[in-house]
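Working notes, structure below.
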Amino acid sequence: MIETLVKSIFIDGKWHTAESDKTEAVYNPATLEAIAEVAYGGEEETNKAIQSAHNAFYTWSEMTGRERSKILYKAHELMLEETDRLAEILTTEQGKPLNEATGEIKGAANFLLWYAEEASRSYGEWLPSSIKSKRMLVIPQPIGVVGAITPWNFPASMITRKIAPALAAGCTVVLKPAPETPLSAIEIVKILERAGLPNGVVNLVTGNAEAIGSTLLTSKDVRLITFTGSTKVGKYLMRESADHVKKLSLELGGHAPIVVFDDADMEKATTLALASKFRNNGQTCICANRLYVHESVQERFTKLLTEKVQELHVGYGLDEGTDLGPLINQQASQKVQAHLDDAVEKGAQIVCGGKRWNGDLNGYFFHPTILSKITDDMLVMNEETFGPIIPIQPFSDEESVINKANDTDYGLAAYIFTENTSRAIRVSEKLEYGIVGVNDVFPAVAEAPFGGIKQSGIGKEGGHHGMHEFLEMKFVSMGI
Ligand code: ADP
């Protein structure tokens, strides 16, 4: 299905191999078979890509928002036309079930649409002056060349969520996708190319993450790094960008709690908890990592959830009826196993799942797992599992569960299930998270700001807030 690709580096409107001719294999995580070879670029290619983005900035940033939006609209249309083919590529390189991949492509296209609309609504301000002889203007201007570093868990939507607002604002981009999932990135760039994006406005470098990253970080021409990935790499990017005082927009790890109050609709709560935890096999920074259920409903909730979880099918993402695909690689599988072993050693009980899935595929699959008898010292209650394990712990009162939910260095997303509106508002306000879902576990949409606090990140993606990341507000003070 996927032809072997070697020319995966896109600079100034042309596709290239690496200068060294080195390539890197891309694997299907379900079968562990190599499905393509992509160029292994590094410093040299990244420098050229930055130069190309720098040159293109002057013309792209001077185009009107309306002119830029036309290209984004066209890219949105092309992406939707190709949804099926793109979803198949996404599943093949990432593993998620085809219906989830299809949803991701549509969501990714939606970022192009939303920022196509936003491109011509980049307003400034005319400030009322306190001095009669002065007039004061605030004008939004694109920040410049942007380095965009994206992860493998959402290989399409994490790219358009960064690129679409950057382009709408008038910035140019050097994109570095995750080495596990470069094929979706290549397809998105091809779509932008076909949509008529001028040469150099978006450049793509696949290859050596450290070399590409450090070249982006040490270049004076790159004014902003927008990154989605681990907190560890996010901290490294912060440290290394200090010398040039680069602006950063970071979407990092999370450790999302779900709190189920006794007044929740149990049917809805179990369906949504399942959707939050097992979507993308638990490999989502906003998916539930720990579940707190009120002691009076814990038994009923756990029984209902277990029944639903036992109906989930593990398997090949391209096969119909698959709910959980493989974990991305062996390292991910080892982490899930380590979290499980640690919990069991410390007294957790396996309610269902609790082992690897041994089908006829070579990838790293895991049965969806529920754990009870959970204590706070377990790894699963403190570190991001990034796999299909959900620990359930009972709680007795609102205040103590809020304290538990907030007792983490992370602050990306938290969820509460309740039918009591006052409680929904009260608890939402007290949760120390960038995003709170109330009877909702899908808060990532084009029109709303997405982003964490504490060690989960800096800045927002999505909504008009997402576009502000790529704009500088220049103050023009005029004496008249
Ligand atoms: P994960 O552990 O989920 O793969 P990472 O933070 O390691 O998360 O990866 C997210 C993105 O960051 C990927 O594109 C990866 O290649 C990139 N990355 C990893 N290390 C570096 C680095 N030192 N410099 C720049 N990018 C990096």
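Both ligands and their constituent atoms are indexed starting at 1 by order of listing.
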**Prompt:** Lys308 and Glu311: salt bridge (Lys or Arg N to Asp or Glu O under 4.0 Å), yes or no, with the steps?
**Reply:** CA-CA 5 Å; Lys308 290 181 181 177; Glu311 283 172 16; over 6 Å; no
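Salt-bridge check for Glu81 with Arg194: failed, with every basic side-chain N at 4.0 Å or more from each acidic carboxylate O. The pair Arg223-Glu472 does not count as a salt bridge, with every side-chain nitrogen at least 4.0 angstrom from each carboxylate oxygen.
Scanning for ring pair (Phe, Tyr, Trp, His ring centres under 6.0 Å) contacts around Phe154 gives an empty result, with sequence neighbours left out.
Listed by chain and residue number, the protein contacts of ligand 1 are Ile149, Thr150, Trp152, Lys176, Pro177, Ala178, Pro179, Ala209, Glu210, Gly213, Phe227, Thr228, Gly229, Ser230, Val233, Tyr236 (heavy atom within 4.0 angstrom).
Aromatic ring pairs are classed by plane angle as parallel below 30°, tilted from 30° to 60° and perpendicular above 60°; the pair Trp152 and Phe386 is perpendicular.
The number of heavy-atom neighbours closer than 6.0 Å to NZ of Lys335, taken from other residues, nucleotides and ligands shown, is above 12.
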